[in-house]
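Encoded as structure tokens, the structure appears first; notes follow it.
Whatever order the structure lists them in is the order used to number ligands and atoms, beginning at 1. Because the structure is predicted, anything quoted here is derived from the model rather than measured.
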Amino acid sequence: MSDRLPGFSTLAVHAGAQPDPTTGARATPIYQTTSFVFNDADHAASLFGLQAFGNIYTRIGNPTNAVLEERVAALEGGTAALAVASGHAAQVVVLQQLLQPGDEFIAARKLYGGSINQFTHAFKSFGWNVVWADPDDIASFERAVTPRTKAIFIESIANPAGGITDIEAISTVARKAGVPLIVDNTLASPYLIRPIDHGADIVVHSLTKFLGGHGNSLGGIIVDAGTFDWSTGGKYPMLSEPRPEYHGIRLQETFGNFAFAIACRVLGLRDLGPALSPFNAFMILTGIETLPLRMQKHCDNAKAVAEFLVGHPAVASVSYAALPSDKYNQLARKYAPKGAGAVFTFSLKGGYDAGVSLVSKLQLFSHLANVGDTRSLVIHPASTTHSQLDDAAKIKSGAGPDVVRLSIGIEDKEDLIADLEQALGA
Ligand SMILES: *Cc1c(COP(=O)(O)O)cnc(C)c1O
């Protein structure tokens with residue numbers, strides 16, 4: 001063996017996986033079991049006391065899921081990861097480790113519509129208060145910091161318009177405030193952007209999108225960068241204080257640079273319960289093997305479609321960071337040189353009605369609420385994903401009435417352009 005470090009495509013196929021020691025199975029088996037037999041009473045006690053690593057019960061961990069966790073941690077450059085049932089579950093589990101009732105977190109205003117809902121409504125009922133900031137105005141994050149701020153949450157490539165966030169600038173604000181930076185890297189995937197390289201402390205994903213990639217399985221994951229010191233100032237008692245249910249151990253002291261991933265598992269997943277099915281973990285692992293190939297094709301197709309739209313007379317504007325004229329192009333060159341992702345928006349001169357009409361005329365594009373499928377997808381955010389926002393908030397989050405969002409798939413780009421051409425022209 002050479003001492004070369006494996007490259008990204010090699011890790012996408014191999015990280016975390018070994019031939020099955022019992023059967024020799026080369027693909028990762030689906031360990032479709034709820035529970036695991038202990039070797040003896042001492043073994044059982046040491047697993048329950050966190051003195052040994054091993055399997056107890058699939059709500060807390062499963063060998064198929066463990067391969068997925070190791071693989072995504074390797075691709076993101078983190079120390080450890082925890083797979084959960086959905087992207088939303090990942091967000092709940094992360095914030096449960098960080099916030100007490102009455103605490104605040106700062107979130108970029110340009111987010112997945114479901115995250116805006118989750119932060120505004122569900123989290124409020126837990127006593128976790130979101131304070132919105134503008135990802136295009138770094139000073140707005142600084143101004144939002146208070147003594148109760150416990151985290152900052154951003155998307156690397158932001159919904160719905162595909163803007164690129166200046167992760168390093170916001171990580172500087174987080175560092176100064178003494179709070180972790182959480183980056184939702186769903187739209188970029190680690191193939192395009194690795195937020196930890198730019199100062200993120202925690203990365204979350206909806207695995208449902210580009211990582212799984214085929215529109216067939218929900219999943220989420222939390223990646224611990226291992227960079228944050230949880231012991232300072234008693235701000236994060238879940239990590240720094242003795243845990244009564246684990247013989248008084250302190251997670252930060254015991255687990256060091258992967259303490260956050262452990263807290264998410266042994267406090268978050270154990271008690272909240274959103275475990276990922278091993279079957280879904282298997283589907284998502286299979287998807288990840290082709291992530292680099294798919295993601296490049298997604299980006300190349302998206303650029304061709306965006307360029308076609310720029311030249312179309314029915315189109316008022318196109319917001320896609322890979323276009324040289326786009327306001328995020330400078331940031332795209334820095335953070336996502338291989339491509340600016342496959343999710344972007346454009347606006348129609350005909351406004352709301354033209355958006356609704358376009359969506360109904362497209363044939364190859366599927367009209368649905370998802371992104372990151374092999375298939376090309378379209379949605380009119382103002383009448384669907386962002387319909388809960390008032391008009392001003394819609395426009396602020398990039399989902400005005402004339403805006404259509406595309407998620408470009410891996411079909412032939414000529415077919416995608418022909419479909420848009422007939423739907424826009426007719
Ligand atoms: C889909 C999505 C989520 C939520 O993930 P689920 O798997 O649907 O729960 C969160 N963030 C982004 C950017 C998403 O696209």
Which residue and non-hydrogen atom of the protein lie closest to atom 9 (O) of ligand 1, and at what distance in Å?
His88 N, 2.9 Å
Which heavy atom of the protein is the closest neighbour of atom 11 (N) of ligand 1, given with residue, atom name and distance?
Asp184 OD2, 2.7 Å
Side chain to side chain, Pro190 and Asn185, heavy atoms closer than 4.5 Å
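A side-chain contact under 4.5 Å exists here.
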Is any side-chain heavy atom of Asn159 closer than 4.5 Å to one of Leu111?
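Leu111 vs Asn159: side chains apart.
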Using a 3.5 Å distance criterion without hydrogens, assess whether the side chain of Arg59 forms a donor-acceptor pair with backbone atoms of Leu269.
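Absent.
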Are Tyr31 and Phe36 close enough that their ring centers fall under 6.0 Å?
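Distance test on ring centres: not under 6.0 Å, no.
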Can you confirm, on distance only, whether ligand 1 has an N/O atom lying under 3.5 Å from any N/O atom belonging to Glu155?
no
With respect to Val371, determine whether any N or O atom, backbone or side chain, lies less than 3.5 Å from an N or O atom of ligand 1.
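It does not: no N or O of Val371 is found under 3.5 Å from an N or O of ligand 1.
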For the CD atom on Gln330, are there more than 12 heavy atoms of other groups (residues, nucleotides or ligands in this structure) within a distance under 6.0 Å?
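Open: at most 12 neighbouring heavy atoms sit under 6.0 Å from CD of Gln330.
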Ligand 1 atoms in contact with [X] (distance to a heavy atom under 4.0 Å):
| X | result |
| --- | --- |
| Gly219 | 7 (O) |
| Ser86 | 7 (O), 9 (O) |
| Gln91 | 10 (C), 11 (N) |

Cation-aromatic face contact Lys209/Tyr112, 6.0 Å, 45 degrees:
yes
With heavy atoms only and a cut-off of under 4.0 Å, state how Asn159 meets ligand 1: side chain, backbone, both or neither.
side chain
